[in-house]
There are 2 protein chains.
Amino acid sequence: MTAISRIEQICIDKGMKMTGQRRVIARVLSESDDHPNVDEVYHRASVIDSKISIATVYRTVRLFEEAAILEKHDFGDGSARYEEATDDHHDHLINVRSGSVLEFHNEEIEVLQRKIAASHGLKLVGHRLELYGVPLGDDEKE
Amino acid sequence: MTAISRIEQICIDKGMKMTGQRRVIARVLSESDDHPNVDEVYHRASVIDSKISIATVYRTVRLFEEAAILEKHDFGDGSARYEEATDDHHDHLINVRSGSVLEFHNEEIEVLQRKIAASHGLKLVGHRLELYGVPLGDDEKE
DNA sequence: ATATCTGCAAAGCATTTGCGTCACG
DNA sequence: CGTGACGCAAATGCTTTGCAGATAT
């Protein structure tokens, strides 16, 4: 019997029914520090439980997202990507050469965003900020 | 024979083969000042040419996007939305109550974005910034 | 016990594509 | 005329769902 993963503990605290599959998916996501899509979560979970179904991964990931345990992102590659939700908000900087994703937080931008929304009579309830870049000096090599 | 639409003129200048369908789609998009998805473009085009196929709309919209005539956006509603590309860059502020889309430009944010990318050794080649808001004072009414 | 979850396969959606026909240049 | 565009319907890729059996509490 393995230790309880971070996400499994959150599920328990929320009183969710914990099946073997949910435990496996919770573990996989707790141990991921990238932004896997459902297929990647499915493959990582399959290593632990080879009989798990991708439909269950879809259902569980949606469940976790609705419970604010995961955040869902769309980086424009056709599939949704997930990461564990944390209290420290951040945005994403995507290296389009390598596909790697860096996280950053800039309070100045956050403030400006709220200001812009307010100037149009709106209260900001969410935002999406993604930066796409290439390694410096890499674009002239082509 | 109707006048040549703004987008049709661009197509002609670029030496693209202008079919009746492309002319219709160019006209529809030139006259739109919102952010229609393919289905909406298809319906608007059908009014002018009822025999047009949605496959042609998909192909044409992609063609225009690749020719930098259109910009493609994803506002998270499951379908791609399009608008005529202009030289003045702007981002979007979406009213989640009404679904209406406001455009804005903030140079301060643009500068900060380049700075952030640079601080991670990347040159900014693109970005996506969308703000989602509700009318001020509207959220406590619920 | 029993409401909920899982696996499977089928269905849904937005989008793309193969193919025979048609039309712009 | 010939290359490329069109319409149709089938195919695709991601995601959801109906159903019958399995499972957590």
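Here is the naming used below: chain letters follow the sequence lines, and residue numbers restart at 1 for every chain. As the structure is a computational prediction, the values presented were derived from the model and not from experiment.
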Minimum-distance nucleotide (side-chain atoms of [X] versus [options]):
{"X": "A:R62", "options": "D:dT16, D:dT25, D:dC6", "result": "D:dT16"}
{"X": "A:S53", "options": "C:dA3, C:dG7, D:dC14", "result": "C:dG7"}
{"X": "A:Y58", "options": "C:dT15, D:dT16, D:dC6", "result": "D:dT16"}
{"X": "A:K17", "options": "C:dC24, D:dT25, C:dG7", "result": "D:dT25"}
{"X": "B:T19", "options": "D:dA24, D:dA5, D:dT15", "result": "D:dA5"}

Base, sugar-phosphate, or nothing for A:I54, non-hydrogen atoms under 4.0 angstrom?
-> nothing
Within the structure shown, what part of the strands sits under 4.0 Å from A:R59 by heavy-atom distance: base, sugar-phosphate, or nothing?
-> base
Nearest-nucleotide 5' precedence on DNA chain C, A:R22 against B:K72 = A:R22
Which residue, B:N37 or B:G20, contacts DNA chain C at a nucleotide closer to its 5' end, judged by nearest heavy atom?
-> B:N37
Nearest-Å distance for atom pair CG/P, residues A:D39 and D:dT16 | 14 Å
Can you tell me the distance, in whole Å, between the NZ atom of A:K14 and the C1' atom of C:dT4?
-> 19 Å
Is the shortest side-chain N to carboxylate O distance from B:R114 to B:E107 below 4.0 Å?
-> yes
Below 4.0 angstrom, N of the basic side chain to O of the carboxylate: do B:D13 and B:R6 qualify?
-> no
Sequence neighbours excluded, which residues qualify as salt bridge (Lys or Arg N to Asp or Glu O under 4.0 Å) partners of A:E31?
-> A:R27
How far apart are the C-alpha atoms of A:H127 and B:H92, what are their side-chain angles, what is the distance that settles it, and do they pass the ring pair (Phe, Tyr, Trp, His ring centres under 6.0 Å) test?
-> CA-CA 10 Å; A:H127 76 251; B:H92 297 96; over 10 Å; no
Which residue lies toward the 5' end of DNA chain D, A:S79 or B:Q21, if each is placed at its nearest nucleotide?
-> B:Q21
